[in-house]
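Along the sequence shown, the residues carry numbers beginning at 1.
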Amino acid sequence: MASFPRFRFLAIAVIFHLAYIYSIFDIYFVSPIVSGMRLFEVERSPSQRAPADRLVLFVGDGLRADKAFQSHPEPYPKSDNDLVPRPLAPFLRSKILEKGTFGVSHTRVPTESRPGHVALIAGLYEDVSAVTTGWKMNPVNFDSVFNRSRHTWSWGSPDILPMFEHGAVPGRVDAYMYGHEMEDFSSDALVLDLWVFDHVKELFAEAKTNKTLGDALRQDRIVFFLHLLGLDTTGHFHRPYSKEYLNNIKVVDQGVKEITELIEDFYRDGRTAFVFTADHGMSDWGSHGDGHPDNTRTPLISWGSGVAKPELYPGGVAPGHDEYSSDWNLDHVRRHDVAQADIAALMAYLIGVEFPANSVGELPLPFLAADLKEKAKASLVNAQGVLEQYRVKEEQKMATELRYRPYKPLSENGLTAERRVADVKKLIRSGNYEEAIEESAALMKIGLGGLKYLQRYDWLFLRALITIGYFGWMAYALTTVIDLHVLHGKVKPSRTLGGTVVASSILVALYASFVISKSPPTYYLYAFFPVFFWEGVYARRESIAAGGKQLFGHVKSGASVVSLLFNTAIYIAIIVSLALGYIHREILTGLYAIGAFWPIAYGFSFLREHAALSATWFLSCLAMSTFTLLPAMKTEDVNQIVGGGCIMVLIGLVYLMFEDYILADFSRPTEQASPTQNHFSRTLVGVQIGLTALAMVVTRSSALSLQAKQGLPRGNQIVGWVVLVLSLLMPLAYKLVPSNESNTHYLHRLLIIFLTCAPTFVILTISYEGLFYVAFSAVLVSWVRLEHAIYRASPPPPPSPEGIDHRPLTLPDLRTSLFFLVLIQSAFFSTGNVASVSSFSLESVLRLIPIFDPFSQGALLILKLMIPFALISANLGILNKRLGVAPSALFMTVMAVSDVLTLYFFWVVKDEGSWLEIGSTISHFVIASLLCVFVAALEPVSGVFISGVEVEREENVVGNGEKKNGVVGDGKADGRI
């Protein structure tokens, strides 16, 4: 009856949440790219040259600032003297101490390669969603230092260079790249950096005999870009504290030294500027992407023509240092920190080109070897570029707003941008250079503030609209649940002409404003959903009233009211705890520890009757409580991988030995099954156990081979893929098994699903995740059986209407939904802080795909992430049947209440502050919102998993109030109810 409304509800849920996930990018992270600006550069007389004729940019991909500057023992010691800590980058350190200026470059989220390089080379921070284009061939569709140069030569990864080659004026950027096959995580990544250094040497060697090339290299305003990917690749596989990563720093330092000496020897004019930095850092568990300080702090060292010498403070602590740099032994050298986009402004100034059109970087004056007049002029030009962006954006906004509200600092009291620029020029002409620098810095901040003002212009309206939309969804979802699963559609929607006119008028008014403002298409979706939801809620107002009477009709006495309030308070406390659990995983430990004592709430007689089940629940909850106390940062542990696999195999063997006892609900079976009755089924179970054992063997072999740097054996890779694919296809083989009571038993089906996913979990695990898989499965099965036992011990629910196979939902079902919500959160967070983008380790997927392929490797990581959800969906589907509710009833209830978390995280999303906070708030919101999409997707998956399963349950009160035992199949009575 409700199949179409159910499908429509799930489709609406998915579309709504995906659309509203995108809202944070429209609200908090609007793309900063505009066109039509004038370009500015420092004006010089024809006889005056730029600070440098050429610039060399070294980018050590994935290099953390602390690892670059700290002292460490020799990675591969050959004597006792090698154990003494020493700088691993002595050449770069010599430039800090003698020739140049250094500091820490602070990146922004997402700390990925494309956004990092765009900030470095274009001077702008792309909107967060641009990280998805980080590995594609599409060009960078905005201005950059490379595009401003006369010519740029670049060497490095095919994942980075094409973006700038194809994004510049045709022929302006030359890119020399190695093949994708060289980005092999299972081999030594040093070859990537050595390839770059060797090919740079080849270019300059060729220039000695090739006059055309030699003349091109001797032009001014040219750039050399060396992208060094070895550190990132090594860090992903070996971690940034490993000897391999530290040795890679030595190799990079030596390579930088050789290239520096090569270029200086080639030109012999002292007119080359050098910049060494990184696009992002790396966490201790070998990943990046979020705003953790280890990912956002990168080294910056600049030396050569036009760059200031170091500021030394002998015997004291120089300004700029803090606890972070206390162990670098550089306390006497002043540290100058910058934002990553500032480096683009620095490079543009050094070679005398225009600042990139969309650059928002602030020129770091301490890095310049220039007098005050030059710094004052450069600071003003820097500010003018930002003000020009403000001018263009303001004109665009004014053209689309009915009543534009200008940015006050650039409009009040006649202090326009033009007036402020003129005042600074006057100060420069009069020789007040320091004051001009201060005024330019202030003007720069005002200009950046204006850009932020325009970027946030629609904030209040959009946030209010999204909030109303989420409240509308929750009200609509609850109303739909009441209508479909409490009242079974008895009360029809009641729409009125007035309500329809009001809803239509609101939508038309909003759409009209969007048309006038030329708003993005997503705005129309944001406005449609609140109107649609609240109109639907109003139309079902009679269902809400009738459902309230049915659900709360038993709450009449004072004691029942107190009990209801007490349970409501507990539910609210649990939801609040789940929100805090996104940040503090240990909270889930507390929830499991408390939940372990849940059966006690039903009295000692219940405990006596279900002693074994209660004990199993207690022990499995305690086991689950330990995982959120373990560190999210995991290193590969072959023994734990094998241990988890052994327990999975043991569970399968125990099932085969005691199958009749288990399928008789852990009691002595009344009938002995025929030895041949389940032979085929038992054989398939044995095959699944064998696949799990084979996965253990091949995974152990692959892990040890990779650890020994012997690469991934081809045979291991093939066997790994065969095991992975076969194990996931095994459930199809059970379609050939003749149907009998054993094959349709819910415990048999749950074991099949458990063993189906077991080999995949073994292959894709790096530590204790296999143990988590076993404990989580035990909790789920115990939960299903315990909920059913409580249901049987509780008063019977209201009778179902005639012709309806499923009972109506009652208030206790809300508790079941809450348990499901806790379990699904636990699936996310028990093996690592998945709310952090950095919690994904590549070590496991390298056993199948050793060569860098982010989308394929990401798909395998997502597959591993989805396995616990497959278990949840199967167990909840079984529980639906055992409790006698409609297949989608509990799923829909969870979707109705889970967005309390989503709305909370929406309001705490930040676009300023520490990058750890910004990255965390974004990922928290996205995960909370995707949770509802997951639940919607799990509902049909559950139907597939439990197809053909029959369960014993106590039937609803019927006719004269008698209870009948029945067998429930695929929603059909089968003539036995």
Side-chain angles (χ1 to χ4, degrees), residues 570-571 573-582 585-599 613 616-628 746 750 753-754 757 761 769 771-788 790 812-835 864-880 882-883 885 888-898 900-901 927-928 930-939 941-942 945-946:
I570 291 177
Y571 290 2
I574 291 175
I575 290 177
V576 171
S577 299
L578 291 178
L580 296 175
Y582 276 65
R585 296 168 56 239
E586 299 80 5
I587 288 176
L588 286 173
T589 295
L591 291 178
Y592 271 112
I594 295 172
F597 297 93
W598 169 43
L613 176 57
T616 304
W617 167 260
F618 180 82
L619 294 175
S620 58
C621 279
L622 290 186
M624 279 297 297
S625 70
T626 62
F627 291 103
T628 43
Y746 77 94
L750 290 178
I753 296 171
F754 173 81
C757 300
F761 224 81
E769 300 102 302
L771 301 173
F772 158 77
Y773 180 71
V774 172
F776 191 59
S777 301
V779 163
L780 290 173
V781 174
S782 302
W783 174 56
V784 169
R785 300 185 68 239
L786 198 54
E787 285 281 7
H788 183 247
I790 293 169
D813 293 317
L814 190 60
R815 180 206 66 236
T816 306
S817 300
L818 189 64
F819 266 89
F820 175 72
L821 190 58
V822 172
L823 289 168
I824 205 170
Q825 297 283 340
S826 180
F828 266 114
F829 297 109
S830 287
T831 59
N833 186 7
V834 181
K864 174 187 173 184
L865 184 68
M866 292 295 104
I867 287 176
F869 295 102
L871 296 180
I872 293 176
S873 66
N875 280 272
L876 187 64
I878 297 291
L879 186 58
N880 272 328
R882 300 201 82 195
L883 298 183
V885 298
S888 60
L890 296 179
F891 284 101
M892 292 173 67
T893 305
V894 172
M895 283 189 278
V897 301
S898 64
V900 173
L901 294 175
I927 286 177
L930 282 176
L931 181 65
C932 192
V933 178
F934 286 146
V935 174
L938 290 178
E939 200 273 341
V941 170
S942 172
F945 281 158
I946 66 173

I574 and F819, any side-chain heavy atoms less than 4.5 Å apart: no
Heavy-atom side-chain proximity of L591 to Q825 below 4.5 angstrom: no
Any donor-acceptor N or O pair under 3.5 Å, side chains Y592, T628: no
Closer than 3.5 angstrom, by distance alone: can the side chain of [X] be matched with the main-chain N or O of [Y] as a donor-acceptor pair?
X	Y	result
T589	R585	no
Y773	I867	no
S898	V894	yes

Can you see which heavy atom on [X] is nearest to which on [Y], and at what distance?
X	Y	value
L890	L876	CD1-CD1, 3.7 Å
E787	L883	O-CD2, 3.9 Å
S826	M624	OG-CE, 3.3 Å
I946	A874	CG2-O, 3.7 Å

Going from [atom1] on [X] to [atom2] on [Y], what distance comes out if it is rounded to the nearest 0.5 angstrom?
X	Y	atom1	atom2	answer
T816	L879	OG1	CG	6.0 Å
I575	L821	CD1	CG	6.5 Å
I878	Y746	CD1	OH	8.5 Å
L871	F761	CG	CZ	8.5 Å
N875	N880	CG	CG	11.5 Å
I824	L578	CD1	CG	11.0 Å

Parallel, tilted or perpendicular, as decided by the 30° and 60° cut-offs, for the rings of W598 and W617: perpendicular
Aromatic ring pairing F772/F627, orientation class (parallel under 30°, perpendicular over 60°, tilted between): perpendicular
K864/E769 ion pair, N-O < 4.0 Å: yes
